[in-house]
> 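One structure coming up, written as structure tokens, with questions to follow.
We name chains A, B, ... by the order of the sequence lines, and we start the count at 1 in each one.
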2 protein chains.
Amino acid sequence: MDSTDLAYDVFAKQCPSRTTLEHVTGRWGALTLGALHEGTFRFNELRRRVDGVSEKMLSQTLHALERDGLVRRDAQPTNPPRVDYQLTPLGREIAERLLTLIDFVQSRQDDVHKAQESYDEARGGR
Amino acid sequence: MDSTDLAYDVFAKQCPSRTTLEHVTGRWGALTLGALHEGTFRFNELRRRVDGVSEKMLSQTLHALERDGLVRRDAQPTNPPRVDYQLTPLGREIAERLLTLIDFVQSRQDDVHKAQESYDEARGGR
DNA sequence: CAGTATCCGAAAGGATACTG
DNA sequence: CAGTATCCTTTCGGATACTG
């Protein structure tokens, strides 16, 4: 280690928080956190809210987020079963920071689009 | 559209800012933005800083970020060639918000780890 | 309703060799 | 040095069928 090393361990190959971050920022993770930031939902409610997710991926995503302590799963032992998902306090804090990033990227999407056009114009005609 | 729709267009399937967000939060995108947040670097300097990245992935990542207007590429027509990469003002603003999220996740990694252990304990012994 | 299990095609990503 | 091109393995993720 010397002074040129990055200050963030998350940039190391096998960092555990790298895995958590991937759960949070991944396609379905971000979508699910965003949905749950709006309230508490049942499995199939979430499926309808999270546009395009399959049962398999939603299940997988919820398990990962629950295991990380970001989502709480509440199963009533009724028949038919009823399971509610909601953010934990930690999950809410993380979702807020994620949404800050998402909001910002979205608010600057015009600039991004312009940059893409001038980039493509400069090299598209190669 | 009704009131149950998500407030964030980024959650729609084919949203353009979803693509930008993936460039930013993806494994190599986040690493590269984090590295460039520390300064200006040449291609092989970045390769050494971004732990584990291949030439192919670094090249691909830099192209995507440059096209989105987050990274500026400066090539001197010398021999041997010298190319410097740095964040644009927009890239810097995005990197800051990304690092806020990363820092927070990292600072709570202990909580995450504990949650994982109790989760595994509850189901690991099934 | 709330999932799990399996199969399979698509896409990401690494190693290596090569170019200007 | 700064990449590109190719090959090949691994992972992601959708469709479908099935279970408690």
> It should be established whether A/Tyr85 places a side-chain nitrogen or oxygen under 4.0 Å from OP1 or OP2 of nucleotide C/dG3.
yes
> Using whole Å, report how far CZ of B/Arg123 lies from P of C/dG3.
10 Å
> How many whole angstroms separate atom CD of A/Gln76 from atom P of C/dG3?
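The answer, rounded to whole Å, is 12 Å.
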> Of the nucleotides D/dG3, D/dT4, D/dG13, which has the atom closest to the B/Val83 side chain?
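For B/Val83, the side-chain atoms sit closest to D/dG3.
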> Output the rounded distance in Å from CZ (A/Phe41) to C1' (C/dA2).
17 Å
> Please confirm whether the backbone N or O of B/Val105 pairs with a side-chain atom of A/Ser17, one donor and one acceptor, at under 3.5 Å?
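Looks like no, no N/O pair under 3.5 Å.
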> Can a cation-pi geometry be assigned to A/Arg123 and A/Tyr119, taking NZ or CZ under 6.0 Å from the six-membered ring centre and within 45° of the ring axis?
yes
> Using whole Å, what does the distance between atom C1' of nucleotide D/dT19 and atom CG of A/Asn79 come to?
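It is 13 Å, rounded to the nearest whole Å.
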> For B/Glu22 and D/dG13, give me the distance from atom CD to atom P, rounded to whole Å.
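That distance rounds to 9 Å.
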> Roughly how many Å is it from CD in A/Gln60 to P in C/dG3, rounded to a whole number?
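My rounded result for the distance is 14 Å.
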> Does some side-chain heavy atom of A/Leu62 sit less than 4.5 Å from a side-chain heavy atom of A/Arg73?
no
> Please tell me which of the listed nucleotides, C/dG14, D/dA17, D/dG3, lies nearest to the side chain of B/Arg27?
C/dG14
> About how many Å separate CD of A/Gln60 and NE2 of A/His63, when rounded to the nearest 0.5 Å?
9.0 Å
> Counting side-chain heavy atoms from CB outward, which of C/dG20, D/dG3, C/dA2 is closest to B/Pro81?
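The closest nucleotide is C/dG20.
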> Please tell me if A/His63 has a side-chain N or O lying less than 4.0 Å from either OP1 or OP2 of C/dT4.
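Answer yes for this pair, as a side-chain N or O of A/His63 is under 4.0 Å from OP1 or OP2.
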> In whole Å, what is the span from the CD atom of B/Glu55 to the P atom of C/dG13?
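The answer, rounded to whole Å, is 16 Å.
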> Go through the steps to decide whether A/Glu96 and A/Arg92 satisfy the test salt bridge (charged side-chain N to carboxylate O under 4.0 Å, His left out), and finish with yes or no.
CA-CA 6 Å; A/Glu96 275 158 18; A/Arg92 201 176 329 278; 5.6 Å; no
> With a non-hydrogen cut-off below 4.0 angstrom, is A/Arg73 in contact with a base, only sugar-phosphate, or nothing?
sugar-phosphate
> So which nucleotide does C/dA11 pair with, by the Watson-Crick or G-U wobble rule with both distances under 3.5 Å?
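The answer is D/dT10, by the H-bond criterion.
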> When you measure from the side-chain N and O atoms of A/Arg82 to the phosphate of C/dG3, is any distance below 4.0 Å, counting only OP1 and OP2?
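So the side chain of A/Arg82 is outside the cut-off, no N or O lying under 4.0 Å from OP1 or OP2 of C/dG3.
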> In whole Å, what is the span from the CG atom of A/Leu58 to the P atom of C/dC1?
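My rounded result for the distance is 14 Å.
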> Taking for each residue the nucleotide of DNA chain C bearing the nearest heavy atom, is the 5' side occupied by A/Lys56 or by A/Asp84?
A/Asp84
> What does D/dG3 pair with, Watson-Crick or G-U, if both distances are under 3.5 Å?
C/dC18
> Tell me whether the side-chain N/O atoms of A/Ser59 come closer than 4.0 Å to OP1 or OP2 in C/dT4.
yes
> Would you please confirm or rule out a distance under 4.0 Å between OP1 or OP2 of C/dA2 and any side-chain N or O of A/Arg42?
yes
